[in-house]
Amino acid sequence: MKGYKIIVLAKQVPDTRNVGKDAMKANGTVNRAALPAVFNPEDLKALEQALRIKDENPGTTVTLLTMGPGRAAEIIREGLYRGADDGILITDRKFAGSDTLATSYAISLAIKKLSPYDLILSGRQAIDGDTAQVGPQAAEKIGIPQITYCEEVVAITKKSIQIKRRLERGVETVEAPLPVLVTVHGSAPDCRSRNAKLLMKYKHAETVTERQDGTDDYLELHDARPYLNIHEWTVDDLNADEEWLGLSGSPTKVKKVTNVVFTAKESKVLGDKDDEIEELIQELLENHTIG
Amino acid sequence: MNNIIVYCEIEDGILADVSLELLTKGRKLADELKCELEAVVISNEVEGIEKVILPYGVDTLFLAQEERLYPYLTLPHTSILTKLLSDEKPQIALFGATSIGRDLAPRIASALRCGLTADCTSLEIGEHRDKKQKKDYKDLLLQIRPAFGGNIIATIINPETRPQMATVREGVMKKEIYAPNYKGKVNILDTSKYINEEDFIVKILERHIEKKKIDIKNSHIIVSGGYGVGSKENFELLFELADVLGGDVGGSRAAVDAGFIPHERQVGQTGITVRPHLYIACGISGAVQHRAGMEESAMIISINKDAEAPINNIADYAIIGDVGDVLPKMIKYYKKNAK
C-alpha cells in the first residue's frame, strides 16, 4: 500500500479570540450566540501537517473526524476545500454534556472503527475549553503512544515518525513507532487556504441529515458522486456503552459558572502632548509606581 | 489512603517552581482535610531532593529514580503514576499545568477513568448538593478555572471519582516552606514493578532546553505590546522603556502570532498571568483573553490611537496617541525627572 492513512481530529468552536463589543451584553458578559463558529485554529494546523505528508507521499488519505451537533459538518467541508479526502461527523444527542473523558471515549471508538491507520493528528487544544486533554485521553484509550505539542513533522517512514516538539522552555525531537497520536502546537505553520478546484468539487458535500433538511435537490448528484457524502455516526454506529457517554460518562461536573464582568473604572484620558506625558511621569514617580 | 499527592517536576536536577507552589497549596488543603501530603518525583537520581521537598510539609515522598526516567517521557511516567495512584488511593492528585503536566495528567485520568480539570487558577475545599439525586457531598475539591477564552470562571467538581485530579497554572499560587525540619519519610519505589520495556518505545533524539527562561512573571513593571505596535523594530522602543524603568517586556497573542515577540513573553489566557505594580499596554486593543492575564495589575496605563479600545475601560490612564510618539516622550521625561 502506498502512502499513509491519516486521521485528523477537529472541533468546531465558538471564536473566543475576537470577543468584540458586539459580543458583549449590556451587563458586561459575553453573548456566546454572537460569536461565529470556526474550525479550531490548532486543528487547522494539524490538518496542514497531514496535507504536507500527503503532498510528499502519493496515495496518502486524510480523513477528518469531528464530534458535535449537525452544523459541525461545516468544518468537514472546510477541510475538504483544503485537501482532506473525506470526513466523519460523530453526532448524537446522547453525547450532550460530555466532558473530555466521555468525549475521548467516543472518539477512540470512532478511531478504532477506522483502523487500520498510520497516524492521528489533532490540535493541542480547542479555544473554547483550552484543556488539551482529549488527544492524550484518546491515545490512552486506543492504547497507542502520544506525542504532544508538535511543531513540525521532521520525517515519516512506514515504521516510524520523527516530531519536533515545542516545549515551554525549548524544543525536543522525538521518534515514535506508528501508529501514534500527535497533537499540534500553535507554533506550527498555518493551514493553506481553500483550493478553488476543491471548493467547486465539494461545494455540495453534505451529511444525510443536511440532505434531508435541504430544499435543494442534489439526490442524483450524491448518488453519482459518493465523495459528496459526509458520513454521520451515532452511538449505535460506534457500538458505544451509553454509561460512558454524555453526563453519566463525565466524572467532572460544572458546579458554578461566573461571568467575568469588565467594569469600567475611573480612568483618566490623556493626549500625547509633551506636558501631559511629563505630568504623568512625575505623578508616577511621586507615588512610587516607578522609581 | 485518602491523602493528597503532588507530582513534582524536575529539570536538570532542579525542582520546578510550580511543583513547590503545588506543595504549598497541597499542605494547606491537607491541613483542612486532616490528611497527609505526599509527593512523587520520577527522574534520574537527584541527590538531596528530599531536603528540598520535605520542608514543604510533605509526609511521604515517593522516589522513582532511574537514568532513563529523565528527561520526561509520557509512557513510563504514566505507568508509574497509574499504579502508584491505584495503590495509594489518594483523594486528590495535583500536577503543574506545564508541558509535562498537561501531557501526563490526561493520560493517567483516562487510565484511571477519573475526572481531571485543566489549568486551575484556584483550589478550595467545599461541599456540594446534587439537587437531582438529593445527595450531599462534603470535602470536595473545588477546581476553579477560567474558560471560554477567559470570559467565564467555572468551578468544577468530581463528586464520584478518585483521585480528584487537577493541573494548576504556574505562578498563581505562592510557595512557602512549611517547616524547615519537617519530618517526612522517603519511600523508594522499585521501578521494575512499575514499568516495562514497552514504555520506552518513544525515543528522544535531540533536546534543547533554555537554561534561563524569559520570565516576566516576577517583574514589577511590564511594558506590553500588541498588534498595534506594528513591527518587530517598533518593539525596540518597548524594550528601551522597560530597560530605563527596570521592567520587562510582554506582548499580546496577536503580537506573538505576528512574530513581533516570542511566545515566552505572551500575556493572557494562553500565555502567562501577570500582576505587576504597573502594566503599560502599548497598541493593545484589550481582547478578553489578554485582559484575563493582566487585569489584576495594580496600575494600568494604555497607549492607543483608538479612544474606543476596550483596554481603556480597565486602564487607570488612557493615553490617546501613537506608540511611536508617546514612548520616546515617556523615556525622555522619565530620564529628566527621575532622581
Side-chain angles (χ1 to χ4, degrees), chain A residues 16-19 21 30 99-101 104 127-133 136-137 139-141 145-149 162 167-177 187 251-260 262 264-265 267-272 274 277-278 280-282 284-285 289-291, chain B residues 74-75 98-99 102-103 106-107 109-111 114-119 128 147-161 201-210 213 221 245 263 277-278 287-288 299 312-321 325-326 329-330 333-334 337-338:
Chain A
T16 56
R17 294 165 304 174
N18 301 303
V19 181
K21 256 184 263 163
V30 175
D99 71 359
T100 65
L101 195 73
S104 65
I127 56 172
D128 54 346
D130 286 323
T131 72
Q133 287 173 193
Q137 290 183 327
E140 192 280 334
K141 297 214 178 302
Q146 71 201 39
I147 298 175
T148 47
Y149 326 128
Q162 288 183 15
L167 307 175
E168 279 157 333
R169 287 169 53 196
V171 289
E172 188 177 89
T173 305
V174 300
E175 184 175 59
S187 61
T252 59
K253 311 282 176 209
V254 177
K255 179 176 163 63
K256 196 174 80 181
V257 167
T258 321
N259 281 296
V260 176
F262 294 101
K265 38 179 175 176
S267 63
K268 246 188 208 173
V269 178
L270 310 174
D272 59 0
D274 281 73
I277 305 286
E278 182 162 20
L280 171 65
I281 293 287
Q282 283 166 345
L284 294 176
L285 283 165
T289 304
I290 55 178
Chain B
T74 310
L75 297 179
T98 58
S99 300
R102 299 176 98 229
D103 178 83
R107 188 131 184 143
S110 175
C114 60
L116 166 65
T117 306
D119 291 356
H128 177 67
F148 216 73
N151 295 296
I152 60 170
I153 303 291
T155 303
I156 313 285
I157 48 172
N158 317 338
E160 299 289 349
T161 56
I201 51 173
V202 177
K203 307 235 180 305
I204 297 174
L205 305 178
E206 222 184 319
R207 202 161 180 271
H208 299 285
I209 301 294
E210 291 161 32
K213 59 178 170 179
I221 298 173
L245 296 180
H263 177 256
H277 295 329
L278 174 61
V288 183
M299 181 180 286
N312 294 340
N313 294 335
I314 58 163
D316 298 272
Y317 297 93
I319 303 175
I320 313 303
D325 295 334
V326 175
K329 288 180 189 172
M330 289 179 81
Y333 291 114
Y334 174 80
N337 288 286

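Side-chain atoms are counted along with the backbone in the values below, which use heavy atoms only and exclude waters and symmetry mates. Source: prediction; values computed, not measured. First the proteins, then the strands, lettered A, B, ... as listed; each starts at 1.
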Could you tell me whether a side-chain N or O of A:Glu175 sits under 3.5 Å from a main-chain N or O of B:Leu205, the two making a donor and an acceptor?
no
B:Tyr317 side chain vs A:Leu280 backbone, donor-acceptor pair below 3.5 Å:
no
Can you tell which part of B:Thr161 gets under 4.5 Å to a heavy atom of chain A, answering side chain, backbone, both or neither?
side chain
Side chain, backbone, both or neither: which part of A:Asp274 has an atom under 4.5 Å from a heavy atom of chain B?
both
Which heavy-atom pair separates A:Pro145 from B:Ile201 by the least distance, and what is that distance?
CG-CD1, 3.7 Å
Here the pair of heavy atoms bringing A:Asp130 nearest to B:Arg102 is O-NH2, 2.8 Å
Cut-off 4.5 Å, heavy atoms of chain B, and the answer for A:Gln282 is side chain
Heavy-atom proximity to chain A below 4.5 Å, by part of B:His208:
both
B:Glu160: partners by side-chain hydrogen bond (donor to acceptor under 3.5 Å, both in side chains), with sequence neighbours left out
B:Lys135, B:Tyr137
Given B:Ala111, B:Ala154, B:Cys114, B:Ala318, the one with more heavy-atom pairs under 4.5 angstrom with chain A than any other is B:Ala318
Rounded at 0.5 Å granularity, tell me how far CG in A:Leu285 sits from OH in B:Tyr334.
6.0 Å
Measure A:Leu101 against the heavy atoms of chain B and call it side chain, backbone, both or neither at under 4.5 Å.
side chain
So which atom in A:Glu278 and which in B:Asn337 form the shortest heavy-atom distance, rounded to 0.1 Å?
OE2-ND2, 3.2 Å
At their closest point, which heavy atom of B:Met330 faces which heavy atom of A:Ile281, and how far apart are they?
O-CD1, 3.8 Å
So for B:Leu75, is it side chain, backbone, both, or neither that comes closer than 4.5 Å to the heavy atoms of chain A?
side chain
What option among B:Leu116, B:Asp325, B:Thr74, B:Asp119 has the most heavy-atom pairs under 4.5 Å with chain A?
B:Leu116
Residue part contacting chain B, namely of A:Leu270, when any heavy atom lies under 4.5 Å:
both
Show the nearest heavy-atom pair for residues B:Val326 and A:Asp272, with the distance to one decimal.
CG2-CB, 3.7 Å
